[in-house]
4 protein chains.
Amino acid sequence: MNMPNEQRRSERSRQAILAAALDLCRERGLARTTVEEIAKRAGVGKQTIYRWWGSKAAVVQEALNERVNATTDFPDTGDLRADLRAQMVVVAEAFASADFAPYVSLIAAAQEDPEIAASLRKVMLEPRVRACAERLRRGQEQRQLREDVDVDVVVEMLYAPLYYRLLLRTRPVTPEQVTEIIAMAFEGLAPPGRDGTPGR
Amino acid sequence: MNMPNEQRRSERSRQAILAAALDLCRERGLARTTVEEIAKRAGVGKQTIYRWWGSKAAVVQEALNERVNATTDFPDTGDLRADLRAQMVVVAEAFASADFAPYVSLIAAAQEDPEIAASLRKVMLEPRVRACAERLRRGQEQRQLREDVDVDVVVEMLYAPLYYRLLLRTRPVTPEQVTEIIAMAFEGLAPPGRDGTPGR
Amino acid sequence: MNMPNEQRRSERSRQAILAAALDLCRERGLARTTVEEIAKRAGVGKQTIYRWWGSKAAVVQEALNERVNATTDFPDTGDLRADLRAQMVVVAEAFASADFAPYVSLIAAAQEDPEIAASLRKVMLEPRVRACAERLRRGQEQRQLREDVDVDVVVEMLYAPLYYRLLLRTRPVTPEQVTEIIAMAFEGLAPPGRDGTPGR
Amino acid sequence: MNMPNEQRRSERSRQAILAAALDLCRERGLARTTVEEIAKRAGVGKQTIYRWWGSKAAVVQEALNERVNATTDFPDTGDLRADLRAQMVVVAEAFASADFAPYVSLIAAAQEDPEIAASLRKVMLEPRVRACAERLRRGQEQRQLREDVDVDVVVEMLYAPLYYRLLLRTRPVTPEQVTEIIAMAFEGLAPPGRDGTPGR
DNA sequence: TCCTAACCGAGACGGTACGTCAGGTCTTAAG
DNA sequence: CTTAAGACCTGACGTACCGTCTCGGTTAGGA
């Protein structure tokens with residue numbers, strides 16, 4: 001994207017485009033949304049979209065990024081598992097919401113467009129992963145989490161099942177799932193042995 | 001799909017179409033593959049594709065299904081964690097392979113097409129999930145897995161991190177990841193307490 | 001124009017396109033006619049136009065050529081000046097007719113497109129010029145036209161004033177103009193001298 | 001055109017626009033010349049063009065009018081045919097020149113824009129026609145031209161063949177053509193009869 | 001001499017049409 | 001009846017220009 005003069009840009013058009021793109025994406029998914037429709041609904045010329053964005057996916061992502069709660073702070077009440085649960089329930093509820101469709105569409109688009117993938121990771125994923133990892137590290141200091149685990153892998157283990165259901169649609173994402181994940185992850189799958197530590 | 005007369009169908013054309021579709025999908029992804037190209041490369045009329053399949057995704061899925069190793073059997077050596085590791089490493093290697101691109105494309109397409117999603121789940125996912133769940137249940141009987149966990153949720157907990165990396169491309173899927181997942185999942189995240197059972 | 005298979009061509013679409021193009025051209029001129037409108041009015045895809053013609057001008061020309069009276073025969077009653085007058089009056093009336101607008105548009109388009117120009121000359125102009133020249137040559141044999149003139153130049157001298165008014169719109173083209181042209185051309189501009197032959 | 005304040009107008013910009021328009025028109029014809037290109041080449045904002053002219057054709061016409069030899073005087077040596085020939089040869093040479101393309105483009109544009117047509121007639125055509133007609137009238141007084149002919153029609157008869165070749169491009173416009181036209185027009189096409197006056 | 005209205009360059013804007021691509025349907029000829 | 005071939009209608013693509021509309025910056029006259 002080598003941009004034209006940013007200063008002369010019409011904020012009115014920009015907002016109308018982001019809103020229209022997001023609406024259409026919610027209504028029928030990104031694949032069935034066309035640049036022409038976005039332009040028409042936003043009351044804007046197509047060129048204005050092509051001037052500032054590289055693809056309809058880029059528009060949706062900017063819209064999403066601007067509207068999604070920007071706070072990536074993680075609660076820290078001192079109780080790691082409670083804090084994780086609280087945060088993950090928020091995520092689970094977001095995943096279950098109909099408004100979340102554009103994010104799913106974007107992940108789909110990212111599968112065949114490395115640029116979207118990179119930008120998604122950088123903008124949507126990494127800040128939240130980092131916040132969670134930090135909370136986990138504090139949890140290690142507070143002796144609420146094993147010290148010999150890689151917190152980045154823990155983040156994956158906790159959140160991956162939510163993404164699994166989100167993307168493979170085997171079952172709905174629910175707060176109950178969060179409860180189960182945390183319980184299983186913290187308590188482990190090994191049956192309680194005599195000394196509390198399983199073999200291997 | 002209400003099919004025309006199956007018996008008169010040309011197997012030669014069918015195979016050529018499946019091969020062409022898979023090749024193109026590997027080369028440039030499903031989104032950038034067109035029915036027209038498949039037809040031309042297969043030396044086939046477009047109508048022959050539309051006659052027998054509902055979409056290019058359906059073609060790719062049939063191709064994938066026919067070529068992928070059909071055996072969903074799970075090893076059972078008596079050592080649950082070793083068996084899980086063995087099977088998951090096979091999956092991880094598959095995920096890491098370049099030939100796997102069509103499967104990823106299909107998952108992407110499924111996000112905005114419930115028909116593909118349903119068919120993907122039924123054909124690709126469920127048989128393998130079922131096989132794993134059964135092995136886990138035998139593991140419970142063999143006292144190698146807690147008896148109070150829902151094995152279907154355990155399947156998710158084990159495989160979800162592989163899908164997470166596959167679809168969000170944060171890091172490559174590797175055998176090491178499998179080792180870490182199994183260790184963390186079985187041993188749990190809670191720090192070893194005095195009595196071996198964490199609070200809550 | 002390297003054509004696709006001519007045999008599979010839809011005559012229905014072809015006729016609809018020619019008719020629509022001609023109508024639109026009559027209504028508002030070639031410049032204000034768009035390929036999109038032609039397609040819409042003909043109930044045809046744009047691609048069908050682009051498949052068979054190189055430009056909207058080519059469509060109009062084919063339409064014109066197909067509809068214009070194909071007979072280029074020149075009357076030959078034995079009276080050259082009467083025959084010329086008869087034929088030229090037909091042309092003058094055609095020029096004056098509103099239906100003639102597409103021909104004028106085509107001449108305009110030819111000014112900046114040598115291909116249209118060449119095709120116009122070959123299809124519309126030359127056959128008629130040739131027919132007139134032949135009649136003039138017979139006139140020379142019949143001793144009704146000087147034998148020392150180049151009949152091709154005579155054709156120009158007779159018809160050019162009609163084109164002049166058609167294209168420069170100084171005055172309407174009328175049968176009276178034809179009468180004046182023929183009189184002046186045959187009798188000459190030189191004042192009748194003592195011996196009937198002017199100087200120089 | 002309701003003009004803004006003429007006094008504040010930038011002559012520098014005006015000249016740059018006229019020059020750019022004329023150059024572009026010579027290079028690729030009026031149809032393929034865009035206002036945007038004119039503006040860019042002239043180093044001028046588009047608005048400056050739209051402020052002072054109604055269309056690109058108007059720009060070209062003003063450019064042409066300013067640069068073309070403004071003298072419409074007709075020579076008068078006393079020999080009408082020689083004077084006509086001299087003047088017509090100048091015109092023929094102009095027609096044959098590559099620099100003449102913009103004038104031809106303008107005539108083409110005039111076919112579908114009555115405003116251009118009117119302005120072309122008024123500015124380019126009528127003064128020259130009037131000058132020629134006056135010379136012809138003096139020729140009648142000098143007994144070098146029949147007195148019973150309408151001089152305006154004679155002007156057409158003489159110049160129309162030049163325009164015919166210019167616009168229909170059947171053959172190049174040359175001084176020889178001028179010679180032929182004058183000879184044929186003055187001497188007439190009728191074969192010299194016994195009494196020097198043809199029938200009808 | 002300064003003020004201020006106007007013109008100026010630049011170029012973003014809402015549009016229309018372009019010529020192309022691919023979708024899915026329909027037609028033709030061959031087997 | 002199926003097939004390969006490919007023309008057909010449709011609709012979206014991304015681009016080029018249209019003519020209008022801001023922006024500062026500059027310039028010229030009237031106060």
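Values reported hereafter were calculated over all heavy atoms of this structure, with side chains retained and with hydrogens, waters and symmetry mates removed. Only a predicted model underlies this, so the values are computations on that prediction, with no experimental measurement involved. The sequence lines fix the lettering, A, B, ..., with proteins before strands; numbering per chain opens at 1.
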Only counting residues at least two apart or in another chain, list the ones meeting side chain to side chain donor-acceptor pair (under 3.5 Å) with A:Gln47. none
I'd like to know if C:Arg32 and C:Glu27 make a salt bridge, using a cut-off of under 4.0 Å between side-chain N and carboxylate O. no
Closest nucleotide of DNA chain F for D:Lys56 versus for B:Lys46: which of these residues is on the 5' side? B:Lys46
Rounded to whole Å, how long is the line connecting atom CG of C:Asn5 with atom P of F:dC8? 10 Å
Please list, by residue number, the residues of residues 8-41 of chain A whose heavy atoms come closer than 4.0 Å to an atom of DNA chain F; answer none if no residue qualifies. A:Arg8, A:Thr34, A:Val35, A:Glu36
Contacts of type side chain to side chain donor-acceptor pair (under 3.5 Å), residue C:Arg8, not counting sequence neighbours: none
First of A:Ala42 and D:Thr48 reached from the 5' end of DNA chain E, by closest nucleotide: D:Thr48
Cation-pi check, B:Arg9 onto B:Trp52 ring (under 6.0 Å, within 45° of axis): yes
Any salt bridge linking D:Lys46 with D:Glu37? Criterion: basic side-chain nitrogen under 4.0 Å from a carboxylate oxygen. no
Listed by chain and number, what are the side chain to side chain donor-acceptor pair (under 3.5 Å) partners of A:Ser10, not counting sequence neighbours? A:Ser13
If the condition is side chain to side chain donor-acceptor pair (under 3.5 Å), which residues does C:Arg26 pass it with, not counting sequence neighbours? C:Asp23
D:Trp52 CH2 to F:dG19 P, in whole Å, measures 19 Å
Quick one: label C:Gln47 by what it contacts on the DNA or RNA (base, sugar-phosphate, nothing), any heavy atom closer than 4.0 Å. base
DNA chain E: first to last nucleotide in contact with chain C (atom under 4.0 angstrom from a heavy atom), 5' to 3', is E:dA17 to E:dA29
Ignoring hydrogens and angles, tell me if any N or O in the side chain of C:Gln61 forms a donor-acceptor pair with the backbone of C:Leu106 under 3.5 Å. no
How long is the line joining CZ of A:Arg51 and P of F:dA16, in whole Å? 12 Å
